[in-house]
Each structure stands twice: as C-alpha cells, then as structure tokens.
Engineer: 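Let me begin by handing over the structure; questions about it come next.
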2 protein chains.
Amino acid sequence: MVNRAKASVDLGPVFAALAHPIRRAIVEQLAGGDATVGELAEPHKVSLPAISKHLRVLEDAGLLQVEPEGRVHRCQLDAAPLSAAFGWLTRYRVLWEDRFDRLARHLEETRKTETREETTHARKK
Amino acid sequence: MVNRAKASVDLGPVFAALAHPIRRAIVEQLAGGDATVGELAEPHKVSLPAISKHLRVLEDAGLLQVEPEGRVHRCQLDAAPLSAAFGWLTRYRVLWEDRFDRLARHLEETRKTETREETTHARKK
DNA sequence: CGCTCACTTAACCAAATCGTTAAATATTCA
DNA sequence: TGAATATTTAACGATTTGGTTAAGTGAGCG
C-alpha cells in the first residue's frame, strides 16, 4: 500500500478533462509555460466564454491554477493529476509492453522503491 | 507489420471512456483476463443494459473487443488505446518528475530509440 | 417445441456537456 | 471620469451521457 499516491486526485474529472481536444491543447500550451486566458484562447476558434468554461473544467480537475494579476488572469498547469492518470495507466502498462519495455519498467520500479514517498511527486501544498 | 491495431487512436473517446469509474473498473477486471458481459456486470449495482452501454463506449474507444461465443459474449481488452493515452501523458511527464524519475525516463527514451516499434506506441510526430 | 439464459435494443428521462450571445465585473489608462 | 481591455457570469439551446424498465434476439436445453 505504498501506492497511496495523491489522495485528493479523483481520476474521473481528470480523464474527463483530457477527453476534449481543446482542453488537451490548453494543457499542451501550459506545459510550455504559464499563459493568460487570452493567450490560451487565441489558437482556438471558439468564443472566449467557451474557453472560460474549459478552463473551469481543468481547474475543477485540479489541473489548473488561476491567479488574477491585474486585469489578466495567469494560468498555471498543475501536473499532479496528470501524474495520477499516468500512474493509473502504468498499472496496466504490462499489457502493451514488449520485452524491451519491461527493462525500463523494472528500473522504474526500482526507482520507486528508492524514493519511497507515497504522497510525493505531487507537490504538497 | 504494422498497423494492426490503431492506425490512428483518437484520444478523445479513450480519455472519455476512462472518465467513468465503472468503465475503469471494467478495464481493471479485463486486465486480469477475458470475461463475459455477465461477469463484468456482476461487481456493479447498475442494470445490465447500463453495463452494455458502458461496454459500447469502451468498444467505440477501441479498448474492447467482443466476440460472441454461443450465448455468452466474451470481452477482451485491447490495450493499444491505453498505450496511446500513456504516450500522450508521457510527453508531459517531465512536469511532475523529479531527478530520480529522469533517470528512468532517460532509459525509457533510449529504449524507444532502440526498438523500432511505431506499431505499438502511438508516437505521433 | 417451448422455456430459460445471456445479452442487446428501444424508449424514455434527468442531468451534464459544449457551444452561443449579451450583460456584468474589474482593472488600466488617457 | 470615462473608455478600453480582460475575463466571467447569465441565459439559452442542441446534443450527449448515464441511468431506468420493457421488449427483442438468439443459443442451449429438457
């Protein structure tokens, strides 16, 4: 039961948030650094309120933090839920892995044993 | 060679399929081996038609193959879309990794270069 | 044959999703 | 002060989702 990673992450909203291509694009953009709402909206053809709703979905999933800075709202990605989703998928990784992958997986398991923190990589607040 | 399984995996339906806890439970169960519809329905308190719909969602996402065997329908997990979802998340893995993880990641990248399988990993681009 | 078992399909409903436009809010600047 | 900018909230509508019950299909069996 070491694997009690990030107690507060509900995978449902996380996967749901990632189900929409615009929201995935927003995550991709934020992976490159913080951005304002306007900057996040710019690549897409939908209205600003639509973007605002997408941001709310990401925020509710814990993927996003928004901090007002003057009249701009700066958005920052929180990767912890991504890590949780990754962790869930990792449980079944053996299903699609070939023998070469197993080597890397073994090394990864070793790494986990070494670091031994259950709440871990999700930066605690 | 090649593109058996998932010439193109659309991640939208895959993430959407994984967004529901019953469907995640079904994936988990199928990871332990094939099962009939009835066996998949048994752990859950919803009606059989509800399970049938969940299975359809998983099937449409490419996660599931159903093969009638007599009067039972045998369900088999197809992990390729899981691999694709994993691959997408992996692109941002650096965001939550610490230095120990980077080692494993480096090894994984190396592995990818060594094995020429664009068939099993949706490495777009 | 006729019944039962294993499922699916149909029809329906409530709630959520995803988009819109119009209005409200808040901050900066001339 | 008042206009412009950045973003949210409100209200609406079409579509999808997730559940239900009831009816349909098809294989196995006494």
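Below, read A as the first sequence line, B as the second, and so on, with proteins coming before strands; counting in each chain starts at 1.
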Engineer: Assign each of A:Ala19 and B:Val37 to its nearest nucleotide of DNA chain C by heavy atoms, then name whichever residue's nucleotide is nearer the 5' end.
Structural biologist: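 Its nearest nucleotide being more 5', the pick is B:Val37.
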Engineer: Rounded off to whole Å, could you give me the NZ-to-P distance for the A:Lys45 and C:dG19 pair?
Structural biologist: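 In whole Å, C:dG19 P and A:Lys45 NZ are 7 Å from each other.
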Engineer: Could you state the atom-to-atom distance from CG of B:Leu55 to P of C:dT9 in whole Å?
Structural biologist: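 Computing the B:Leu55:CG to C:dT9:P distance gives 11 Å.
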Engineer: Rounded to whole angstroms, how far apart are NZ on A:Lys53 and P on D:dA11?
Structural biologist: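 Going from NZ in A:Lys53 over to P in D:dA11 covers 12 Å.
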Engineer: A:Glu69 and A:Arg74: salt bridge (Lys or Arg N to Asp or Glu O under 4.0 Å), yes or no, with the steps?
Structural biologist: CA-CA 7 Å; A:Glu69 268 180 22; A:Arg74 190 145 296 270; 3.4 Å; yes
Engineer: Measuring from the side chain of B:Arg71 (C-beta onward, heavy atoms only), which nucleotide among C:dC29, D:dT7, C:dT4 has the closest atom?
Structural biologist: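 Ranking C:dC29, D:dT7, C:dT4 by closest atom to the B:Arg71 side chain puts C:dT4 first.
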Engineer: Of the candidate nucleotides D:dT7, D:dG19, C:dC7, which contains the atom at the shortest distance from the side chain of A:Thr36?
Structural biologist: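 Taking heavy atoms from C-beta onward, the closest nucleotide is D:dT7.
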Engineer: Could you state the atom-to-atom distance from CG of B:Leu58 to P of D:dT17 in whole Å?
Structural biologist: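 The answer, rounded to whole Å, is 13 Å.
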Engineer: Reckon B:Ser47 has a side-chain N or O less than 4.0 Å from the OP1 or OP2 of D:dG19?
Structural biologist: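 For D:dG19, OP1/OP2 do not have a side-chain N/O of B:Ser47 under 4.0 Å.
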Engineer: Within this structure, what is the CG-to-P distance between A:Asp60 and D:dT8, rounded to whole angstrom?
Structural biologist: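 To the nearest whole Å, that distance equals 13 Å.
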Engineer: More 5' along DNA chain C: B:Pro49 or A:Val57, using each one's nearest nucleotide?
Structural biologist: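 Final value for this comparison: B:Pro49.
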Engineer: For the pair B:Glu42 (side chain) and B:Glu39 (backbone), establish whether a donor and an acceptor sit closer than 3.5 Å, ignoring hydrogens and angles.
Structural biologist: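 Checking the backbone N and O of B:Glu39 against the side chain of B:Glu42, no donor-acceptor pair under 3.5 Å is found.
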Engineer: Classify the nucleic acid contact of B:Arg74 as base, sugar-phosphate or nothing, counting any heavy atom under 4.0 Å across all strands shown.
Structural biologist: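 Answer is nothing: B:Arg74 stays at 4.0 Å or more from every strand.
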Engineer: May I ask you to evaluate whether B:His54 reaches the phosphate of D:dT17, defined as a side-chain N or O under 4.0 Å from OP1 or OP2?
Structural biologist: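 So the side chain of B:His54 is outside the cut-off, no N or O lying under 4.0 Å from OP1 or OP2 of D:dT17.
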Engineer: What orientation do A:His20 and A:His54 show, parallel under 30°, tilted 30 to 60°, or perpendicular over 60°?
Structural biologist: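 Plane angle between 30° and 60°, so tilted.
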Engineer: Roughly how many Å is it from CD in A:Glu67 to P in C:dA26, rounded to a whole number?
Structural biologist: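 One finds 18 Å between P of C:dA26 and CD of A:Glu67, rounded.
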Engineer: Which of these nucleotides, D:dT8, C:dA6, C:dC12, is closest to any side-chain atom of B:Val72?
Structural biologist: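 The answer is C:dA6.
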Engineer: Would you please indicate if the ring centroids of A:Trp96 and A:Tyr92 are separated by under 6.0 Å?
Structural biologist: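 No, ring centres 6.0 Å or more apart.
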Engineer: How would you label the contact of B:Pro68 with the nucleic acid (heavy atoms, under 4.0 Å): base, sugar-phosphate, or nothing?
Structural biologist: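 Nothing, no heavy atom under 4.0 Å.
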Engineer: Sub-3.5 Å donor-acceptor pair from the side chain of A:Ser52 to the main-chain atoms of A:Leu48, do we have one?
Structural biologist: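 Not confirmed, A:Ser52 side chain does not pair with A:Leu48 backbone.
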Engineer: Can you tell me how far P of D:dA10 sits from CZ of A:Arg56, to the nearest Å?
Structural biologist: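 Taking CZ of A:Arg56 and P of D:dA10, I get 10 Å after rounding.
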Engineer: Does A:Ser52 have a side-chain nitrogen or oxygen under 4.0 Å from the phosphate oxygens OP1 or OP2 of D:dT7?
Structural biologist: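 For D:dT7, OP1/OP2 do not have a side-chain N/O of A:Ser52 under 4.0 Å.
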Engineer: Which nucleotide, D:dG19, C:dC7, D:dT8, lies nearest any side-chain atom of B:Leu48?
Structural biologist: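 Looking only at side-chain atoms, B:Leu48 lies closest to C:dC7.
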Engineer: Using only side-chain N and O atoms of B:His73, determine if any of them is under 4.0 Å from OP1 or OP2 of C:dT8.
Structural biologist: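 Checking C:dT8 against B:His73, a side-chain N or O does come within under 4.0 Å of OP1 or OP2.
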